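Note that the structure is predicted; figures quoted are calculated from it, not measured.
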Amino acid sequence: MIGLSDLTVVLGGHTVLYDVSLAAGPGELVALCGPNGAGKSTLLRALAGLLPDTPTRDPRRVAWLEQGARSTWGLTVEQVATLGRIPHRDRAAAPVTRALQVCGIDMLRSARVDRISGGEARRAMLARAFATEPDVFLLDEPTADLDPAASHAIMRLLRTTADIGRTVIVVLHAIELALRYAHRIVVLRNGRVVADLPPDQVLPAAAAVFGLPIGIDPSPRLLPPC
Amino acid sequence: MIRWLVMLLAVLIPISLLTGDATLALPDNLIFWQLRVPRTMLGLLIGGGLGLSGAVLQGALRNPLADPGLLGITGSAGLGAVIAFYWGFAAEFPPTLLAGGLMGAGIGAAFLLAFAGRAPSGPSLILAGVAVSAIASALLALALALAPNPFALTEITYWLMGGLADRPLSQVEMAGPVILLGGVILLKLGRGLDALSLGEDAARSLGIPVAATLRMAAIGTTCAAGAGAAVAGSIGFIGLVVPHLLRPWVGERPGALLPAAALAGGALLLAADILVRLAPLMLPLSTAPPVGVLTALLGAPFLVAIARRSVP
């Protein structure tokens, strides 16, 4: 269980979040959606306890992955995933290997993260979060650099992770991924939560926020893998 | 890698003990104990402190161009020592030179941490270092301009070039423990530096106290590199070059670099100091030049090579 209530965040004189409340429990995959600048990443940071006056979290229980996470140095994929063991103060090989396997990056474990593709590096960073074996995952745009097949693979992994009893809160720009995989979608606009609904009920609010029409697309398109 | 470095040191230490100014022979007892042993120990300690400080600072500040000079610690140590020179304390009682240098480094570090703010971050620490460095070099120039006599001026200038020659054993006894203390502080930062490779927020989310880690890096550098600068003046580029030399062999994980950087720094400075002592045999020089001149001559092109590789 992780959550915040009545949170207002002011950064550099700007109010970024107004009176936001959000809670998520075990078994839930919650997607945060909304236009750029709506406050999604700030809300995720607040949940992670990284903003002033937000409750600090036990790093063994809560893993946070920042948007566009990258490493300053040319660490190997395995070394990056092993950083996820820092909260446990060990370098246990088994959880690291499991994390590399579920993220589909095991075959590149001794490659340097600055010499593989952006999508592969993204999976290495995700493996770092899985290596911690936390109860709560806070992930900012984990599918950003991934091709469609890889995006669906990661979203299925996150859904499975939630279904075995973890809490997953994920910022997503691709609303169709949120609609397909999330249990709940939280729509933000200008720092306020305007909807917190299951996918089959959220579409009107999302359409209003993005200013886009709702349609049932009859044209040929790529379907997610079954 | 550690094993190779230890073997390298096992070769370099006897050579250093046998090498005098343009001579290579077993010296008599007095020279051996009063000159060669302190000089060799200082080379190992100061080089090790500089190499380790460089590796920690590059990791902590996530900047491949960071080195102990960048934080202004060596500059303020030099200033402190020059002030001790200036008022002539050092001539009457040699340990004041070292005490002045240490005090200068300490005051520099206090300013550094004050400038960097309550919760220092990498960029704020670099900015504070540049400020401390600028103040130290301005005051140093002032001290030189007001030097009481030409003799003092020559002494100060020569000292600032950085050298290991003619330092008595008492200076090793004073600076050694401080350098070792700094080394212990710095060697404990490996886990935090590893986490910092993902950025300060990510490190914080992994449970690393980032501000405290940066503060300990600054304090450890003050001891490990500042005490060295107080004894031997400014010996540049060791801290910058050593981590870069090691990365292809040890890998880029900052924590893994630390012990190797301490050993390699000691080996590099010792090797440079041996070369300097033998220089009059190979070059038309009347005396051995200060080792700081050689490290700067070899280090500066290296800096350019690094900068050109990272800036496309």
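Interface check for chain B: of the options A:D58, A:T56, A:I86, the most heavy-atom pairs under 4.5 Å are formed by A:I86. Ranked by heavy-atom pairs under 4.5 Å with chain B, the list A:R57, A:R91, A:R70 is led by A:R91.
To the nearest 0.5 Å, the span separating CG on A:L50 from CZ on B:R204 amounts to 7.0 Å. Note that CG of B:L196 and OG of A:S71 are 11.0 Å apart. Values are rounded to the nearest 0.5 Å. Atom CD of B:E252 sits about 9.0 Å away from atom CD of A:Q79, to the nearest 0.5 Å. Atom CZ in B:R191 sits 11.0 Å away from atom CG in A:L83 (nearest 0.5 Å). Atom-to-atom distance recorded for A:E66:CD and B:L198:CG is 8.0 Å, nearest 0.5 angstrom.
A 4.5 Å side-chain heavy-atom check between B:D201 and A:W64 finds at least one atom pair inside the cut-off. When side chains are defined from C-beta on, A:R128 counts as touching B:L206, because their heavy atoms get closer than 4.5 Å.
Cation-pi geometry between B:R247 and A:W73 is satisfied (NZ or CZ under 6.0 Å from the ring centre, within 45° of the ring normal).
Around atom CZ of B:F115, more than 12 heavy atoms belonging to other residues, nucleotides or ligands sit under 6.0 Å away. Within a 6.0 Å sphere centred on CG of A:D135, heavy atoms belonging to other residues, nucleotides or ligands number more than 12. Residue-environment remark: CG (A:D6) exceeds the threshold of 12 foreign heavy atoms within 6.0 Å.
At least one donor-acceptor pair closer than 3.5 Å links the side chain of A:T72 to the backbone N or O of B:S197.
Nearest heavy atoms, A:P59 versus B:S205: CB-O, 3.4 Å.
Heavy atoms of A:R60 lying under 4.5 Å from chain B are absent altogether.
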